[in-house]
Enquirer: 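Sharing a structure with you now.
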Amino acid sequence: MPELPEVETARRLTDSHLRGRTVARVDLRLPKVLRDSPLPDPSVLVGATVEGARRRAKVMAIDFSNGVSLMVHFKLAGQWAILLPDGQRFVAGHPVPKPDGEYPHKSTHADIVFEDGTIVYYSDIRQFGWWRLMPTADVEASFEAFGFGPEGVGTPLDPKPLIATMARRGIPIKTLLLDQSFIAGLGNIYVDEVLFRARVHPATPANAVSREKAKNIIAEIPWVLEQGIAQGGVKIVHSIAYPIDGFPAIHGREGEPCVRCGSTIVKTKVGARGTYYCPRCQKLPRKRATAMKEPVTMS
DNA sequence: TGCGTTGTTTCACC
DNA sequence: CGGTGAAACAACGC
């Protein structure tokens, strides 16, 4: 579930509540969390102080005073819970374990304990997420190696290259928007929101999206991601959305009324991903009177 | 109990 | 080699 807004929330919490704190110990109960790590021993962080956290796409990197950085990818179900000595807690990422529940949970695989008693609990019910430790000097190159496209939020998006790519790709627009090398940060939830707001059917071939709609899509990306960040990430449990102030408006709302036209929201599959859309607001462009059910292979 | 789940990678193929 | 789509993969809950 963690997409860009959830990771950005974790980053901000780390920046504001962990900066300046010194690591007393790291308890890694599930060693495979730290896999493919240039520095294999988590105790390298002991005695080091948090200097800050950054983010590229859905990856967070925490920089420490000893020249080491911790890179974290939350994948499907990672969660970052910070508990301060005074009992305050701040949670970002997946809603399981329950943010107000007991820690450590059975899926809490690592703790970073600080000298003042602050603890970060890292949980992941799917165990797909990972940590990597590396010299801070290598973080930029490591980010580069992912081949991410432009950030979907934070810096102005240049629509030109994006529109150009859309014009020559025949894959569903949703699939293209999920491609992190096209644009960085959208996942299955926020991409549905972008296409709903732009009124584009998610299975529309990218090169069949009109220029105007393409501009709309690109304009909606930062809006949707900012909205997600403002909410500290959205809550979706077992594919059911718990919207706040009407957001998310489409994802996880199968069978419920479209906030715009009242039509019943439909769930389908696009590129093997669960996809929600409004059948009235988001029409496939009619080239011919062609099929409308499944994505069609074009030769 | 097999299916659904998602971000990412890999593979076969044109 | 690039675009594409399908499949694989991680592990678990329901």
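Chain A is the first sequence line, chain B the second, and so forth, proteins listed ahead of strands; every chain is numbered from 1.
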Enquirer: Does A:K269 put a side-chain nitrogen or oxygen below 4.0 Å from OP1 or OP2 of C:dG5?
Expert: no
Enquirer: Run the salt-bridge test on A:D100 and A:R89 with the 4.0 Å N-O cut-off and return the result as yes or no.
Expert: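 Judged by the 4.0 Å cut-off on N to carboxylate O distance, A:D100 and A:R89 do not form a salt bridge.
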Enquirer: Heavy-atom count around A:R29 CZ within 6.0 Å, excluding the residue itself: above 12?
Expert: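 Counting other residues, nucleotides and ligands, CZ of A:R29 exceeds 12 neighbours.
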Enquirer: Let me know, please, whether A:K58 or A:R126 comes out on the 5' side of the other along DNA chain B by nearest nucleotide.
Expert: A:R126
Enquirer: Report yes if a donor N or O on one partner sits less than 3.5 Å from an acceptor N or O on the other, where the partners are the side chain of A:R273 and the base of B:dG7; otherwise report no.
Expert: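 Result: at least one qualifying N/O pair found.
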Enquirer: Tell me whether the OP1 or OP2 atom of B:dG7 has a side-chain N or O from A:Q180 closer than 4.0 Å.
Expert: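 A:Q180 to B:dG7 OP1/OP2: no side-chain N or O under 4.0 Å.
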Enquirer: Indicate whether OP1 or OP2 belonging to B:dT8 is found under 4.0 Å from a side-chain N or O atom of A:H73.
Expert: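 Indeed, a polar side-chain atom of A:H73 lies that close.
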Enquirer: Please state how far atom CG in A:L4 lies from atom P in B:dT6, giving the value in whole angstrom units.
Expert: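 Distance, rounded to whole Å: 17 Å.
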Enquirer: Nearest whole angstrom, please: distance from the C1' of B:dT5 to the CD1 of A:I240.
Expert: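 Distance check: A:I240 CD1 to B:dT5 C1' gives 13 Å.
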Enquirer: Would you tell me if any nitrogen or oxygen in the side chain of A:K106 comes within less than 4.0 Å of OP1 or OP2 on C:dA11?
Expert: no
Enquirer: Side chain of A:K32, heavy atoms from C-beta onward: which of C:dG3, C:dA10, C:dG13 has the nearest atom to it?
Expert: C:dA10
Enquirer: Begin from the C-alpha positions of A:K174 and A:T275 and carry the test side-chain hydrogen bond (donor to acceptor under 3.5 Å, both in side chains) through to its verdict.
Expert: CA-CA 9 Å; A:K174 168 163 177 170; A:T275 298; 2.8 Å; yes
Enquirer: Should the ring pair A:F146 and A:W130 be called parallel, tilted or perpendicular, given that the plane angle runs from 0 to 90° and is split at 30 and 60?
Expert: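 Ring orientation of A:F146 relative to A:W130: parallel.
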Enquirer: How many Å lie between CZ on A:F128 and C1' on C:dG13, as a whole number?
Expert: 12 Å
